[in-house]
**Student:** 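Sharing a structure here in structure tokens format.
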Amino acid sequence: MGRKFQKKKKVEQLEIVPLDENPPLPAQRPSDDVVPKKEKWINKQRVLVFAARGISHRDRHLMRDIKSLMPHHRAESKMERSKTLAVINEMSEMKHCNKAMLFEGRRKRDLYMWVANTAASTGPSAKFLIENIHTMAELKLTGNCLKGSRPFLSFDAKFDELPHLKLLKELFVQTFGVPNHHPKSQPFIDHVYTFTFLDNRIWFRNFQILSEDGGLSEVGPRYVMNPVKIFDGSFTGKTIWENPDYVSPSKQRQMLKKAAKDKYVNRVEQKVQHEATRPTKAYEGIENEELFDDEDPLETAKLLALKAKKKALETKTPKAALTKKIKDKQLKAVQQVIEQRKARVKREKKV
């Protein structure tokens, strides 16, 4: 069989235009000038969020929720317990971070959170005890917000009154506030963080903004920060402020155990006292208790009638006894009058 040959399509050739008909575009700038960089991300805040070894699963989930809320964070692996806190300044410098947030666990049940300004190790840094932790997964709240969106930060009025709360407010604003035009953030705001000071503690809540008239729905996570100390340096330095009402969790558990022990001791003492004061003899019977031995109501009524007659006879006194008592009283009165007259006569004779 022979081959079939297809006819090739003719390619249209471009027309050649003379150079005079394509004038060069006008220059926008001189060639010697430096091209300016268009940078919108001016506030380059980066927060190093990591944990030390020994935190529980709930604490790890809380740290994961905080990371999801902060697009300007930098992650780091767990820090060994043998290392000192001063190493965090070097870690944040290597990660190009100027803020640090460290979660430190104690005894698999207590969680401490450090928030510090690590820029040139200038500080300050604050230590908090985290209580009443509720993560996003376990709360099952109705609110929802886009990941990476920027939040509003709402503070209680007391943050402008007390000096240590003013310092913490500025630290929270620089740490939790997402910088404008951050590459990983969204260009709008759809949720709000609330920091409320109540009962010497700072209560953190995250709400979704539903409408412009103030409708809110809680998203989570939620936790309570009990401030312990504030230092002038980054994880080091002198203590600027210390909470006088702070009691460590181990001390609280010790007090509860002691109270339970005292309760047991009091119960044993009550038992011993009851055995010591217990009467040896049986109590005397009730009056007319023999009436309850017979179940026949007629017999019981007859016995009650006989008892009543006997009591009436015992209390009733005859007439002869009454007249004798009256005569005795009269004789005594006459004898007293006679004695008084005799004494008066003797006095007159002496005079």
Side-chain angles (χ1 to χ4, degrees), residues 45 47 49 58-59 62-63 65-67 69-70 72-73 99-106 109-118 123-136 138-139 141 143 145 150-178 189-209 214-235 237-252 255:
Q45 293 282 349
V47 184
V49 182
R58 185 187 293 271
D59 306 337
L62 175 65
M63 183 179 67
D65 292 345
I66 290 176
K67 283 182 179 180
L69 293 175
M70 298 168 63
H72 61 293
H73 82 278
K99 298 290 183 296
M101 187 180 293
L102 172 67
F103 292 89
E104 189 179 4
R106 302 281 177 83
R109 56 174 72 179
D110 305 328
L111 178 66
Y112 290 91
M113 184 178 74
W114 289 80
V115 181
N117 178 27
T118 58
S125 57
K127 184 181 180 182
F128 303 94
L129 172 67
I130 305 300
E131 301 171 344
N132 301 335
I133 298 172
H134 298 282
T135 59
M136 287 182 182
E138 68 179 281
L139 280 177
L141 296 172
C145 62
R150 300 180 64 217
F152 277 122
L153 269 68
S154 174
F155 291 91
D156 194 5
K158 292 185 180 179
F159 279 88
D160 296 326
E161 299 174 2
L162 302 175
H164 69 282
L165 290 181
K166 290 181 181 179
L167 180 62
L168 292 177
K169 178 182 177 181
E170 185 62 30
L171 192 62
F172 290 152
V173 168
Q174 296 183 17
T175 304
F176 288 96
V178 178
I189 294 171
D190 64 345
H191 61 116
V192 55
Y193 299 157
T194 60
F195 296 89
T196 309
F197 186 75
L198 180 66
D199 195 19
N200 295 325
R201 290 168 174 80
I202 300 170
W203 302 66
F204 176 84
R205 296 288 185 272
N206 180 23
F207 295 97
Q208 178 196 359
I209 302 172
L216 299 174
S217 178
E218 189 171 357
V219 181
R222 59 163 68 165
Y223 56 91
V224 181
M225 294 181 284
N226 188 3
V228 182
K229 285 183 181 181
I230 301 176
F231 302 93
D232 60 349
S234 177
F235 296 98
K238 297 180 181 178
T239 304
I240 302 174
W241 178 83
E242 186 174 359
N243 189 0
D245 301 325
Y246 170 73
V247 180
S248 63
S250 59
K251 187 70 175 177
Q252 291 180 358
M255 291 167 64

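Values reported hereafter were calculated over all heavy atoms of this structure, with side chains retained and with hydrogens, waters and symmetry mates removed. None of these values were measured; they are calculated from a predicted model.
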**Student:** With Phe195 as reference, evaluate Tyr223, Phe128, Phe172, Phe152 under the ring pair (Phe, Tyr, Trp, His ring centres under 6.0 Å) test and give the passing residue.
**Tutor:**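 In the set Tyr223, Phe128, Phe172, Phe152, the residue that makes a ring pair (Phe, Tyr, Trp, His ring centres under 6.0 Å) with Phe195 is Phe172.
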
**Student:** Give, for atom CG of Asp110 and atom CD of Glu131, the distance between the pair rounded to the nearest 0.5 Å.
**Tutor:**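 Going from the CG atom of Asp110 to the CD atom of Glu131 covers 9.5 Å.
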
**Student:** Once ring-ring contact (aromatic ring centres under 6.0 Å, His included) is applied, do any residues pair with Phe197, and if so which ones, sequence neighbours excluded?
**Tutor:**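 By the ring-ring contact (aromatic ring centres under 6.0 Å, His included) rule, Phe197 matches no residue at all.
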
**Student:** Heavy-atom count around Tyr246 OH within 6.0 Å, excluding the residue itself: above 12?
**Tutor:**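 Yes, the 6.0 Å shell around OH holds more than 12 heavy atoms from other groups.
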
**Student:** In plain terms, say whether Lys158 and Asp156 are close enough for a salt bridge, that is, a side-chain N and a carboxylate O under 4.0 Å apart.
**Tutor:**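 Between Asp156 and Lys158 there is no salt bridge, as every charged N stays at least 4.0 Å from the carboxylate O atoms.
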
**Student:** Is a donor on one side and an acceptor on the other found under 3.5 Å between the side chain of Ser125 and the backbone of Gly233?
**Tutor:**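 Side chain of Ser125 to backbone of Gly233: a pair is present.
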
**Student:** Would you sort out whether Asp160 and Lys169 count as a side chain to side chain contact (heavy atoms under 4.5 Å, CB included), showing the intermediate values?
**Tutor:** CA-CA 8 Å; Asp160 296 326; Lys169 178 182 177 181; 3.1 Å; yes

**Student:** Using a 6.0 Å distance limit plus a 45 degree cone around the ring axis, check whether Lys127 lies over the aromatic ring of Tyr112.
**Tutor:**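 Yes - Lys127 lies over the ring of Tyr112, closer than 6.0 Å to its centre and within 45° of its axis.
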
**Student:** For the backbone of Gly143 and the side chain of Ser217, can you confirm whether one donor and one acceptor N or O come within less than 3.5 Å of each other?
**Tutor:**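 Judged by distance alone, yes, a pair lies under 3.5 Å.
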
**Student:** With distance as the sole test, does Asp232 use its side chain to make a donor-acceptor pair with the main-chain N or O of Lys238 at under 3.5 Å?
**Tutor:**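 Yes, the answer is positive, given that a donor and an acceptor are paired below the 3.5 Å cut-off.
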
**Student:** How many angstroms lie between CG in Leu167 and CD1 in Ile240, if you round to the nearest 0.5 Å?
**Tutor:**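 Leu167 atom CG to Ile240 atom CD1 measures 6.0 Å (nearest 0.5 Å).
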
**Student:** Any sub-3.5 Å donor-acceptor pair from His72's side-chain atoms to Phe176's backbone N or O?
**Tutor:**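 It does not hold such a pair.
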
**Student:** Could you check whether any side-chain N or O of Trp203 sits under 3.5 Å from a backbone N or O of Leu198, counting only pairs where one atom can act as donor and the other as acceptor?
**Tutor:**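 Present.
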
**Student:** With no hydrogens and no angle check, just 3.5 Å: does a side-chain donor-acceptor pair link Asn243 and Lys229?
**Tutor:**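 Asn243 vs Lys229: no donor-acceptor pair found between side chains.
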
**Student:** Is Asp65 reaching over with its side chain to a backbone N or O of Met136, donor-acceptor style, under 3.5 angstrom?
**Tutor:**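 Judged by distance alone, yes, a pair lies under 3.5 Å.
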
